[in-house]
Amino acid sequence: MTKIRIAIVLIFLLVIGIMLTVSGVKDIIRLNGYIPDFNFDSMADIKKGGFVQGYVETILDCYASETTTNTTMGIETSSRTSEEYFLMPIINETDIDKELYVTISASNFGDRQLLYAVCDDTWEYLDGNTGIDFTEMYIVARVKKMDDDLMPLLTDWFTSTGFYDSAAEAEKHVIPYEFVVYRNLNAPYISLVAGLVIIAAFTVAGVIVYKKMRPSYPAAETAYSPTVASSPYQTASNPEASGNGFSESSRPAAVPIPDIPQPVQPDEFFARPERKSAPAAEKESPKPEPKAQESAPAFVPGDMDGLDTSALNTDNLAYYETPADSEDYSEYDFSNDGDFADAVADSIQLD
């Protein structure tokens, strides 16, 4: 609801600014162009919104006035005349045969006093005093369509004073426009500046409101807090807020992201590797010279750390002197001194 109200105020502000700007531009163009003079130019072709100028030389009467009344608790406390309407005949060579009348409206007190003075001079001249000095009043006026409630008052004045016999006849001679006295010729420039200022204020206010009301998104470096292990999914009845300030519901819990070790100095991570000299080539160690094979030590039977080696004793073996003494071994002779000899396998005894 607040957003709608702010939008309505901003749009209203923009409309006012545009209206003042357009009105100021139009008035500047019109005031700097040709302005018809009601003392010489025909007023039959004037249009609403334009400007007229000239000397006010004749005023017949003030036929209507607008009064502003202030009341308190229904009781009138003060009243003032905010605007008065004067009847001026159009007297120029172009419209003299048409007998036209127009209304001049004035809200400024000084302008109203001058119009009353011209009215007094007019009736004094009509009474036969031709030697009077007329009050001079030059005006620039905006052309405005006459209000609907003014025409009956004006026609009633004509019929009551005897100028015309009927209201219908009087309307034929009345220009249905008002000449509103334009006091400040700088008003169009003021209107233009005010409109531009309002438009600028609307633009600034619109940008500020947009920045405040647009949705905010989490920054890329925002860390998320881990959820409770016993509740892998968050439900709508038990929402939990994440680290970025948003509350989520009915979504899987965020998986904790392990901390990635960072270099102590950030620049070292992106620094180029230092160039290092290649390691010196290692010299091959000299190969050992071959040595003559040493003869293995003779085996001496005996007590080998507590082991019984008596079975290896060959003293009880039978030996043959000649190969013919053995049926299986005919070529070798096995002697006691370690030489081979023919022997019968059954003759080998082991104690």
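Atom set for the values below is all heavy atoms of this structure, side chains included, hydrogens, waters and symmetry mates excluded. If you read the sequence from its start, that first residue is 1, and numbering goes on from there. Here the structure is a predicted model, which is why all the values come from computation and not from measurement.
In this structure, Val52 and Met43 approach most closely via the heavy-atom pair CG1-SD, 4.2 Å. Closest approach of Thr135 and Ala117 over heavy atoms only: OG1-CB, 3.8 Å. The nearest pair of heavy atoms linking Ala170 to Thr155 is CB-CG2, 4.2 Å. Between Pro36 and Asp41, the shortest heavy-atom distance links the atoms CA-OD2, 3.4 Å. Among all heavy-atom pairs drawn from Ala106 and Arg112, the shortest one is O-CD, 3.5 Å. The shortest non-hydrogen separation linking Met88 to Ile59 is CB-CD1, 3.8 Å.
The hydrophobic clustering, which links ILVMFWY residues whose side-chain heavy atoms are closer than 4.5 Å, places Leu20 and Ile199 together. Under the 4.5 Å side-chain contact rule for hydrophobic residues, Val143 and Phe38 share a cluster. A continuous path of ILVMFWY side-chain contacts below 4.5 Å connects Leu60 to Leu150, so both sit in one hydrophobic cluster. By the criterion of side-chain heavy atoms lying less than 4.5 angstrom apart, applied directly or through intervening Ile, Leu, Val, Met, Phe, Trp or Tyr residues, Tyr116 is not grouped with Phe134; the two fall into different hydrophobic clusters. In terms of hydrophobic clustering, with Ile, Leu, Val, Met, Phe, Trp and Tyr side chains grouped at heavy-atom distances under 4.5 Å, Phe179 and Val174 are assigned to different clusters.
How far OG1 of Thr21 is from CD1 of Ile198: 7.5 Å, rounded to the nearest 0.5 Å. Taking OG1 of Thr122 as the start and CD1 of Ile132 as the end, the distance is 7.5 Å to the nearest 0.5 Å. Separating the CZ atom in Phe109 from the CG atom in Leu114 is a distance of 10.5 Å, to the nearest 0.5 Å. One distance of note links CG of Asp37 with CD of Gln53; it measures 5.0 Å at 0.5 Å rounding. The CG atom of Leu196 sits 11.0 Å away from atom CD1 of Ile18, with the distance rounded to the nearest 0.5 Å. Leu154 CG to Tyr63 OH: the interatomic distance, rounded to the nearest 0.5 Å, is 4.5 Å.
Applying the 6.0 Å contact sphere to CG of Asp148 captures no more than 12 heavy atoms from other residues, nucleotides or ligands. With a 6.0 Å radius and a threshold of 12 heavy atoms from other residues, nucleotides or ligands, Tyr34 has its OH atom above the threshold. Within 6.0 Å of OH in Tyr125 there are 12 or fewer heavy atoms belonging to other residues, nucleotides or ligands.
The closest side-chain heavy-atom distance from Phe51 to Arg142 is below 4.5 Å. Counting only heavy atoms from C-beta outward, the side chains of Glu178 and Asp147 approach each other to under 4.5 Å. Annotation: side chain of Ile91 is not in contact with side chain of Glu57 (no heavy-atom distance under 4.5 Å). Looking at heavy atoms from C-beta onward, Leu115 lies out of side-chain contact with Cys62 at the 4.5 angstrom threshold. Counting only heavy atoms from C-beta outward, the side chains of Thr103 and Met146 approach each other to under 4.5 Å. Between Asp61 and Thr161, every side-chain heavy-atom pair lies at or beyond the 4.5 Å cut-off. A 4.5 Å side-chain heavy-atom check between Val181 and Asn108 finds every atom pair outside the cut-off. Between Tyr164 and Glu171, the closest side-chain pair of non-hydrogen atoms is not below 4.5 Å.
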Requested in this report: Could you walk me through whether Ile139 and Ile104 pass the side-chain contact (heavy atoms from CB on, under 4.5 Å) test, one step at a time?
Outcome: CA-CA 10 Å; Ile139 64 170; Ile104 295 179; 4.3 Å; yes
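Qualifying side chain to side chain donor-acceptor pair (under 3.5 Å) partners for Tyr85, counting only residues two or more places apart in sequence or in other chains: Glu66. Applying the side chain to side chain donor-acceptor pair (under 3.5 Å) test to Thr58 and every residue at least two apart in sequence or in another chain returns nothing. Residues passing the side chain to side chain donor-acceptor pair (under 3.5 Å) test with Tyr101 are Glu99, sequence neighbours excluded.
Thr94 contributes a side-chain N or O that, together with a main-chain N or O of Phe40, makes up a donor-acceptor pair within less than 3.5 Å. When atom types are taken as modelled, the side chain of Asn39 and the backbone of Gly54 share no donor-acceptor pair closer than 3.5 angstrom.
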